[in-house]
Amino acid sequence: MEAYCRSGTDSSGLALDSGFSTSKLQTLIFTLIVFSEMFNAFNWRSDRYSVFSLGLFTNKALVYAVLTTIILQLMVIYVPFLQFAFRTVPLSLYEWGIILALASTTLISMEIVKHISAGKER
């Protein structure tokens, strides 16, 4: 990933002519993947029933694991020595909005598939 982003940088350090630095892009992508997987964890509690019909908070171990992962991700992004170790940079509220919107598509799309599948079984 780093080699790909570096190959698209110019002397100013802007990656892929997007206006973002390589560190910003890496942080965005890393965080998007982590949050996509957290939404996906809730998806795969059942391949037939909606996560909302099962209840978001009925599997306490899953909730604690997701919360722990989110806290660790926030630490990696905002704690200075972890920023250095993971080469991350802080994200704005706008960037968080984009990440959450994109990451939630995994949950939304699977909920649609489950709804369609349930309708065919009736």
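- Atom CG of residue Leu25 and atom CG of residue Leu32 lie 12.0 Å apart, to the nearest 0.5 angstrom.
- Residue Met110 is not grouped with residue Leu107 when hydrophobic side chains (ILVMFWY) are merged at heavy-atom distances under 4.5 angstrom, including chains of intermediate members.
- Under the side-chain contact (heavy atoms from CB on, under 4.5 Å) criterion, Thr69 pairs with Val34, Met38, sequence neighbours left out.
- Within the structure, side-chain hydrogen bond (donor to acceptor under 3.5 Å, both in side chains) contacts touching residues 51-63 (residues at least two apart or in different chains) are Arg45-Thr58.
- Remark: Glu111 engages Lys114 in a salt bridge (Lys or Arg N to Asp or Glu O under 4.0 Å) (not counting sequence neighbours).
- Thr31 and Gln73 share a donor-acceptor pair across their side chains, judged by distance under 3.5 Å alone.
- Contact annotation: the side chain of Ser46 approaches that of Leu54 to within less than 4.5 Å [non-hydrogen atoms, C-beta and beyond].
- With sequence neighbours left out, Phe35 forms a ring pair (Phe, Tyr, Trp, His ring centres under 6.0 Å) with Trp96.
- Listed by first and then second residue, the salt bridge (Lys or Arg N to Asp or Glu O under 4.0 Å) pairs involving residues 68-85 amount to none (not counting sequence neighbours).
- With values rounded to the nearest 0.5 angstrom, Asn43 atom CG is found 7.0 Å from Ser109 atom OG.
- In this structure, Leu56 and Val51 have side chains that are in contact, with non-hydrogen atoms separated by less than 4.5 Å.
- Under the ring pair (Phe, Tyr, Trp, His ring centres under 6.0 Å) criterion, no residue pair touches residues 48-83, with sequence neighbours excluded.
- In this structure Thr106 satisfies the side chain to side chain donor-acceptor pair (under 3.5 Å) test with no other residue, sequence neighbours excluded.
- Between atom CG of residue Leu28 and atom CG of residue Leu91 there is a gap of 5.5 Å, rounded to the nearest 0.5 Å.
- Heavy-atom neighbours of Phe86 CZ from other residues, nucleotides or ligands within 6.0 Å: at or below the threshold of 12.
- In terms of the side chain to side chain donor-acceptor pair (under 3.5 Å) criterion, Gln83 has no residue partners (sequence neighbours excluded).
- The hydrophobic side chain of Val89 is isolated, with no ILVMFWY side chain under 4.5 Å apart from it.
- For residues 90-110, every residue pair satisfying the salt bridge (Lys or Arg N to Asp or Glu O under 4.0 Å) rule, not counting sequence neighbours, is listed here: Lys24-Glu95.
- In the hydrophobic clustering, where aliphatic and aromatic side chains (Ile, Leu, Val, Met, Phe, Trp, Tyr) are joined below 4.5 Å either directly or transitively, Ile108 groups with Ile112, Ile116.
- By the 4.5 Å heavy-atom criterion applied to side chains, Val76 and Phe30 are counted as neighbours.
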